[in-house]
Amino acid sequence: MPELPEVETIKLGLQKKIVGLTIKKIEVLSPKSFNGDVREVEGKKVLDVWRRGKVLGIDLSSVTLLFHLKMTGQLIYIPNDIRLTANDKRFIGGHPTPDMVGKMPNSHTRVIFEFSDGSYLYFNDQRRFGWIMVREKGEAERVKFLQKLGPEPLQKGFSWQILKLNLSKHPKTPIKVVLMDQSVVAGLGNIYASEACFDAKIDPRIKVKDLTDNQFQSLHRGVIKSLRYGIKYGGSTKTHFVDADGHKGYFLDYAYCYGRDKHPCKVCKTEIKKITLGGRGTYFCPRCQS
DNA sequence: TGCCCCCTGCAG
DNA sequence: CTGCAGGGGGCA
């Protein structure tokens, strides 16, 4: 899924588009994707759009909608004046399949929100891992998933000491695996955990207990830097991610290791290696990160 | 802490 | 055909 920068990108887009609109109707095409009662949501006005870790929240009067996009989720807003054509390349990584041409929803659309001004928000999710949850306002932050989340890495209080403290709960686990633990720090996934290790010049296989304070500090900088770059370039589109306008993100063009196995390191020309850590593909430069 | 699983589709 | 994919819950 979308990791923190991708969810942040969607959030920034939706804030501009849907705050103030009223949800007129919700169509649930895939019941598994929608946890709640649509009648609690229909007729409510959008007050705010926010993000916590990889979760997106939409506050309405009296209820909150929570979204987790997991691996293939998309939230695409279509204004009421848009008419799609066969040449429109805004969907699915720029390669519209026949069933998407000229229309939304497409075959991966799971939930459709219709606003009272005639515009739509489409929740698409090929693999159906993602979810939408309806919660009473105030009850939303007590959802188990949100309660377990660690600190927000882009907020002021996130220090290298806190990062070290949280990472150190898993002394014998490879650092890159622990960075992806949402209770340690919220929002890092496979791409940005790899990039943070590269930026810090740390081998992703190193166990947390073997890191020095200097390395924790580098890692802290690397985490923040890679996430900020991710946001700056509109997120990472490997296959599915698009922003609220349906546009791809370009961070992967600037990535140092993720997805670059067999290519030369942008710093030292050494071949980037791909290994498996914690069951996930992991990329690193054997020379820079040693 | 490490697997298997949820589900769908694509590349090799 | 097998393996793999921005995630993460549940189980030993």
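Below, chains carry the letters A, B, ... as their sequence lines are ordered, and counting in each starts from 1. Nothing here was measured: the structure is a model prediction, and the numbers come from that model.
- Only at 4.0 angstrom or more do the heavy atoms of residues 198-208 of chain A sit from any atom of DNA chain C, so none qualifies.
- A distance of about 16 Å separates the C1' atoms of B:dC4 and C:dG3, rounded to the whole Å.
- Look at CE on A:M180: it is 15 Å from P on B:dT1, rounded to the nearest Å.
- C:dG9 atom P lies 9 Å from atom NZ of A:K144, rounded to whole Å.
- When distances are taken from the side chain of A:K148 to each of C:dC4, C:dG8, C:dG9, the shortest belongs to C:dG9.
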Just do the side-chain hydrogen bond (donor to acceptor under 3.5 Å, both in side chains) check on A:S30 and A:R128 with the steps written out, would you? CA-CA 8 Å; A:S30 168; A:R128 301 182 205 249; 3.1 Å; yes
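- Between B:dA11 and C:dG6, the two P atoms lie 15 Å apart (nearest whole Å).
- Phosphate proximity of C:dA5 to A:R280: absent, as no side-chain N or O sits under 4.0 Å from OP1 or OP2.
- Not a single side-chain hydrogen bond (donor to acceptor under 3.5 Å, both in side chains) links A:T9 to another residue, sequence neighbours left out.
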Start with the C-alpha gap between A:F198 and A:Q289, add the side-chain angles, then the distance that decides, and say whether side-chain contact (heavy atoms from CB on, under 4.5 Å) holds. CA-CA 6 Å; A:F198 183 96; A:Q289 298 172 261; 3.3 Å; yes
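- The shortest distance between the side-chain N/O atoms of A:K238 and the OP1/OP2 oxygens of C:dG6 is below 4.0 Å.
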Quiz: residues 131-147 of chain A side-chain donor-acceptor pairs under 3.5 angstrom, not counting sequence neighbours:
unit_1, atom_1, unit_2, atom_2, d
A:K137, NZ, A:L60, O, 3.0
A:R142, NH2, A:G138, O, 3.2

Do any side-chain atoms of residues 116-123 of chain A form donor-acceptor pairs under 3.5 angstrom with protein atoms, and if so which ones, sequence neighbours left out?
unit_1, atom_1, unit_2, atom_2, d
A:S116, OG, A:T22, O, 3.4
A:D117, OD1, A:S119, N, 3.0
A:D117, OD1, A:S119, OG, 2.6
A:S119, OG, A:Y77, OH, 2.8
A:Y122, OH, A:M104, O, 3.2

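- When heavy atoms are screened at a 4.0 angstrom cut-off, A:K274 is found touching the sugar-phosphate backbone but no base atom.
- Distance, A:Q147 CD to C:dG9 P: 13 Å, rounded to whole Å.
- In this structure A:K16 satisfies the side chain to side chain contact (heavy atoms under 4.5 Å, CB included) test with no other residue, sequence neighbours excluded.
- In the model, A:Q126 has a side-chain atom that pairs as donor or acceptor with a side-chain atom of A:H240 under 3.5 Å.
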So which protein N/O to nucleotides 2-5 of chain B N/O distances come out below 3.5 Å?
none

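- In this structure, A:Y192 reaches neither bases nor backbone, as no heavy-atom distance under 4.0 Å exists between it and the strands shown.
- In this structure, A:H240 does not reach the C:dA5 phosphate: none of its side-chain N or O atoms is under 4.0 Å from OP1 or OP2.
- Remark: the A:T237 side chain and the C:dG6 base include no donor-acceptor N/O pair separated by less than 3.5 Å.
- A:L179 places its CG atom 14 Å from the P atom of B:dT1, with the value rounded to the nearest Å.
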Write down the protein N/O and nucleotide N/O pairs, taken from nucleotides 6-8 of chain B, whose separation is under 3.5 Å; answer none if there are no such pairs.
unit_1, atom_1, unit_2, atom_2, d
B:dC7, O4', A:R127, O, 3.3
B:dC7, O2, A:R127, NE, 2.8
B:dC7, N3, A:R127, NH2, 3.2
B:dT8, OP1, A:R128, NE, 3.1
B:dT8, OP1, A:R128, NH2, 3.4
B:dT8, O2, A:Q126, OE1, 3.1

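- Not counting sequence neighbours, A:E42 has no partner by the salt bridge (charged side-chain N to carboxylate O under 4.0 Å, His left out) test.
- The aromatic ring centres of A:H220 and A:F158 sit less than 6.0 Å apart.
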Where does DNA chain C pair, written as one dot-bracket string 5' to 3', with Watson-Crick or G-U pairs under 3.5 Å, ( ) inside the strand, [ ] for crossing pairs and | for another strand? |||||.||||||
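- Annotation: salt bridge (charged side-chain N to carboxylate O under 4.0 Å, His left out) contacts of A:D181 (sequence neighbours excluded): none.
- Other members of the cluster containing A:V177 are A:I275, A:L277, A:F284, with ILVMFWY side chains joined at under 4.5 Å, either directly or via other members.
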Run the side-chain contact (heavy atoms from CB on, under 4.5 Å) check on A:E114 and A:E27 step by step: do they pass? CA-CA 8 Å; A:E114 180 185 354; A:E27 196 175 340; over 6 Å; no
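- Counting only residues at least two apart or on different chains, the salt bridge (charged side-chain N to carboxylate O under 4.0 Å, His left out) pairs with a member in residues 219-237 of chain A are A:D199-A:K225.
- Annotated as syn: C:dG6, whose O4'-C1'-N torsion sits within 90° of 0.
- The P atoms of C:dC4 and B:dC3 are separated by 14 Å, rounded to the nearest whole Å.
- Separating the OH atom of A:Y258 from the C1' atom of C:dG7 is a distance of 12 Å, rounded to the nearest angstrom.
- Nucleotides B:dC5 and C:dT2 have their P atoms positioned 15 Å apart, rounded to a whole Å.
- To the nearest angstrom, C1' of C:dA5 lies 14 Å from CD of A:E6.
- Atom NZ of A:K45 has 12 or fewer heavy atoms from other residues, nucleotides or ligands within 6.0 Å.
- In this structure, the CD atom of A:Q74 is 15 Å from the C1' atom of C:dA5, given to the nearest Å.
- Side-chain N/O atoms of A:Y192 and A:S236 include a donor and acceptor closer than 3.5 Å.
- One atom, CG of A:L227, and another, P of C:dG6, lie 16 Å apart when rounded to the nearest Å.
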